[in-house]
Visitor: 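Dropping the structure in here first, questions after.
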Amino acid sequence: MQTELSVIVLAAGKGTRMKSALPKVLQPLAGRPLLVHSLASVAALKPAKTVLVVGHGAEQVKAAFAAHADLTWVLQSPQNGTGHAAAVGLAPITDDGITLLVTGDTPLIRSETLAALVELVNEKTFALLTCNVADVTGYGRIVRDASGAVIKIVEHKDALADNDTATLAINEMNTGIMAAPTAWLRAALPRLTPHNVQGELYLTDVIAMASADGLTVATAHPMHESEIAGVNDKAQLAALEREVQRAEANQLLHAGVTLADPARIDVRGTLICGADVFIDVGCVFIGTVTLCNNVSIGANCVLKDATIGNHTVVHPMSHLEGCTVGEGAQIGPFARLRPGAQLGDEVHIGNFVEVKNSTLGNGAKANHLAYLGDATVGERVNYGAGSITANYDGANKHRTVIEDDVHIGSNCVLIAPVTIGKGGTIGGGSAITKDTPPGALSVARGKQVNISNWKRPAKKIS
Ligand code: UD1
Ligand code: MG
């Protein structure tokens, strides 16, 4: 049936079982809201219209998807069940065509599975995605007649209330995903009644109507069971998170990345790896992270929106965000690179060194306990232990410029705005407030005084 496709995504439910103030469809899975995952599969079908039915936390959900201009938003209030949500969602859709209904809480559904389901629909055929699963608890059961034709769906709670053991024993579950001719759906949905234990309008009741109306209920099945796993509570969310992470790890392994333990890596976004990358245990990758060839990431590092050049080693316990690192650099252990840190080739950043909004030229080194903020650091600069740029005057930020080949001693304070001239040396413990000339030794500290034969105070004896 070659007609226009519209999609309704049901996302108005409270998600009571999550026990959270955050709407269910915004709960993060692999670092992205649940809804992002199913919407990506829906978008691959290139539907004429995608209608999002929102209700609980509608404003929060809309705000989270403000960038998605292609979505049509419909408010369901109050939330009287999935059948009511479908009816509300149908309002902006025209009659000629097919409507695909997707629940917002089945994040791993693949676009190929949705496409195969839609293919089954014609004027006389309703299509339902079902799956045989070992643990059917909580799901609607697919009831077939003696000939194998689907005649209705019975919700778990209703079968329980009726003590209907035969229905409870059915292992074919409703995935909540279905497709139908739009005109038929529009005529059917107003006929739903809330005569069930939840007192709601069940979308699932349209199956019995389709069967009674003489439509064939065709079924399709997902390739993997995880595709249709509904996320209703934190335990299901956590189980799916592991599943997604396992799949991410497998992809990395197949791409030739060495993972110390595929069960101990978390990718919450996109991780792009070159050849011969090594990742030790406990690392978290957030946003878009690129690791070029031969990069090694030590244990327990967190990298967010970062690009790391060839042959660079990030030692354990380092936290890198919004930064780029050149080739052959050494970072950490216990280093912190904050947004705007741009490090050249062969830069060394050691333990307890923080770099923010600063560029460091090739070969620059800050090996211990230091802060570089709003600084432009030249090539081969050596920045001593305990030194900092005092970049903030309480109101404004100022820049520090450290030209090529400068040596900054230990425990220096460079009070910005200030420029340290090329090849200069700053004596340890200096507080530098004025620009220094190239090639000079600059010292700004109290002169040492020695008092001979100094008598320390003694304790009074009473
Ligand atoms: C539903 C199905 C069940 C199926 C299961 C698959 C019904 C009655 N039951 O049960 O047969 O096995 O999904 O995961 O359809 N929603 C609204 N408005 C509402 C109520 C719900 O938009 O008034 C949305 C929810 O946000 C959610 C989806 O519909 O995304 C499903 O609702 P949920 O409460 O999770 O239904 P289940 O009990 O999982
Ligand atoms: Mg559900």
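Counting starts at 1 for both ligands and their atoms, in listed order.
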Visitor: Less than 4.5 Å apart, any side-chain heavy atom of Val353 and any of Asn367?
Guide: no
Visitor: Where on His56 is there a heavy atom closer than 4.0 Å to ligand 1, on the side chain, on the backbone, on both, or on neither?
Guide: neither
Visitor: Does some non-hydrogen atom of the protein lie less than 4.0 angstrom from atom 28 (C) of ligand 1?
Guide: yes
Visitor: Of all the non-hydrogen atoms in the protein, which one sits nearest to atom 18 (N) of ligand 1, and at what distance?
Guide: Gln76 OE1, 2.7 Å
Visitor: Quick check on side-chain hydrogen bond (donor to acceptor under 3.5 Å, both in side chains): which of Glu321, His319, Glu354 does Arg338 satisfy it with?
Guide: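 Passing option: Glu354.
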Visitor: Counting from 1, what ligand 1 atoms have a heavy atom of Asp105 closer than 4.0 Å?
Guide: 30 (O), 35 (O)
Visitor: Give the numbers and elements of all ligand 1 atoms closer than 4.0 Å to a heavy atom of Tyr202.
Guide: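 Close to Tyr202: 8 (C).
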Visitor: Is the shortest heavy-atom distance from the side chain of Val7 to the side chain of Thr99 under 4.5 Å?
Guide: no
Visitor: Do Arg336 and Ser318 pair up side chain to side chain, a donor and an acceptor below 3.5 Å, judged on atom types alone?
Guide: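 There is no such pair between these side chains.
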Visitor: Do any non-hydrogen protein atoms sit less than 4.0 Å from atom 12 (O) of ligand 1?
Guide: yes
Visitor: I'd like the name of whichever of Glu200, Lys14, Glu155 reaches closest to atom 9 (N) of ligand 1 through any heavy atom.
Guide: Glu155
Visitor: For Met178, run the side-chain contact (heavy atoms from CB on, under 4.5 Å) check against Val102, Val217, Leu128 and tell me which one passes.
Guide: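 Exactly one candidate clears the test, Leu128.
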Visitor: Nearest protein heavy-atom contact for atom 22 (O) of ligand 1: which residue, which atom, what distance?
Guide: Ala12 N, 2.9 Å
Visitor: Identify, for atom 30 (O) of ligand 1, the protein heavy atom at the shortest distance, and state residue, atom and that distance.
Guide: Leu10 O, 2.8 Å
Visitor: Tell me the contacting part of Asn80 for ligand 1: side chain, backbone, both, or neither, using a 4.0 Å heavy-atom threshold, strictly below.
Guide: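 Within the 4.0 Å criterion, Asn80 contacts ligand 1 through backbone atoms alone.
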Visitor: Contact between Leu192 and Tyr202 at the side-chain level, heavy atoms closer than 4.5 Å - yes or no?
Guide: no
Visitor: Please determine, by modelled atom types, if Thr219 and Arg144 share a side-chain donor-acceptor pair under 3.5 angstrom.
Guide: yes
Visitor: Just jot down the salt bridge (Lys or Arg N to Asp or Glu O under 4.0 Å) partners of Arg264, sequence neighbours excluded, or say none.
Guide: Asp261
Visitor: Could you list which atoms of ligand 1 come closer than 4.0 Å to a heavy atom of Gly104?
Guide: 30 (O)
Visitor: So Gln79 and His56, side-chain hydrogen bond (donor to acceptor under 3.5 Å, both in side chains) or not? Walk me through it.
Guide: CA-CA 8 Å; Gln79 290 99 43; His56 180 78; 5.2 Å; no
Visitor: Among all the protein's non-hydrogen atoms, which is closest to atom 26 (O) of ligand 1, and how far away is it?
Guide: Gly13 N, 2.8 Å
Visitor: For salt bridge (charged side-chain N to carboxylate O under 4.0 Å, His left out), just list the numbers for Lys152 and Asp145, CA-CA rounded to whole Å, side-chain angles, deciding distance to a tenth of an Å, and then say yes or no.
Guide: CA-CA 9 Å; Lys152 62 177 176 178; Asp145 67 12; over 6 Å; no
Visitor: Is there a side-chain contact between Ile177 and Leu100 in this structure, where contact means two heavy atoms from C-beta onward sitting under 4.5 Å apart?
Guide: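 Ile177 reaches Leu100 side chain to side chain.
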Visitor: Considering only heavy atoms, does Ala11 approach ligand 1 within less than 4.0 Å through its side chain, its backbone, both, or neither?
Guide: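 It is the backbone that gets close, since no side chain atom is under 4.0 Å.
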Visitor: Does an N or O anywhere in Gly230 fall below 3.5 Å from an N or O of ligand 1?
Guide: no
Visitor: Side chain, backbone, both or neither: which part of Thr175 comes within less than 4.0 Å of ligand 1 when only heavy atoms are counted?
Guide: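 Backbone only.
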Visitor: Report yes or no: does Gly55 have a heavy atom closer than 4.0 Å to ligand 1?
Guide: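 No, Gly55 has no heavy atoms under 4.0 Å from ligand 1.
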Visitor: Could you label the plane-to-plane angle of the Trp184 and Phe126 rings as parallel, tilted or perpendicular, counting under 30° as parallel and over 60° as perpendicular?
Guide: perpendicular
Visitor: Note the single closest protein heavy atom to atom 4 (C) of ligand 1, along with its residue, its atom name and the distance in Å.
Guide: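 Ranked first by proximity to atom 4 (C) of ligand 1 is Asn174 O, 3.2 Å.
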Visitor: Check each atom of ligand 1 against the heavy atoms of Ala85 and keep those under 4.0 Å away; list them by number with element.
Guide: 17 (C), 18 (N), 22 (O)
Visitor: Please check if any side-chain donor atom of Asn391 sits under 3.5 Å from a side-chain acceptor atom of Thr389, or the reverse.
Guide: no
Visitor: Judging by distance only, is a nitrogen or oxygen of Gly176 under 3.5 angstrom from one on ligand 1?
Guide: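 Such a contact does not occur with ligand 1.
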Visitor: Do Thr258 and Ile279 have side chains that get closer than 4.5 Å, going by heavy atoms?
Guide: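 Result no, sub-4.5 Å side-chain heavy-atom pair not found.
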Visitor: Show the atoms of ligand 1 that are less than 4.0 angstrom away from any heavy atom in Asn232.
Guide: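 Those atoms are 35 (O), 39 (O).
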Visitor: Atom 37 (P) of ligand 1: which of His84, His156, Arg17 has the nearest heavy atom?
Guide: Arg17
Visitor: Heavy-atom contacts with Lys24 under 4.0 Å: which atoms of ligand 1 show up? List them by number with element.
Guide: 35 (O)
Visitor: When you compare the side chain of Asn250 with that of Leu252, does any pair of heavy atoms fall below 4.5 Å?
Guide: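 No; the side chains remain at least 4.5 Å from each other.
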Visitor: List every atom of ligand 1 that sits less than 4.0 Å from any heavy atom of Thr103, numbering the atoms from 1 in the order shown and giving each element.
Guide: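 By the 4.0 Å cutoff, the relevant atoms are 28 (C), 31 (C).
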Visitor: Can you report which non-hydrogen protein atom sits closest to atom 14 (O) of ligand 1, along with the distance?
Guide: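 For this ligand atom, the closest protein heavy atom is Tyr139 CE2, 3.8 Å.
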Visitor: Do Glu172 and Arg141 sit within salt-bridge range, that is, some charged N less than 4.0 Å from a carboxylate O?
Guide: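 No, this pair does not count.
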Visitor: What's the shortest distance from atom 15 (O) of ligand 1 to any protein heavy atom, and which residue and atom give it?
Guide: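 Going atom by atom, the protein heavy atom closest to atom 15 (O) of ligand 1 ends up being Thr82 OG1, 2.7 Å.
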Visitor: Anything protein N/O/S under 2.8 Å from the Mg ion (ligand 2)? Just list residue and atom, please.
Guide: Asp105 OD2, Asn232 OD1
Visitor: Please write down residue, atom name and distance for the protein heavy atom closest to atom 23 (O) of ligand 1.
Guide: Gly81 N, 2.8 Å
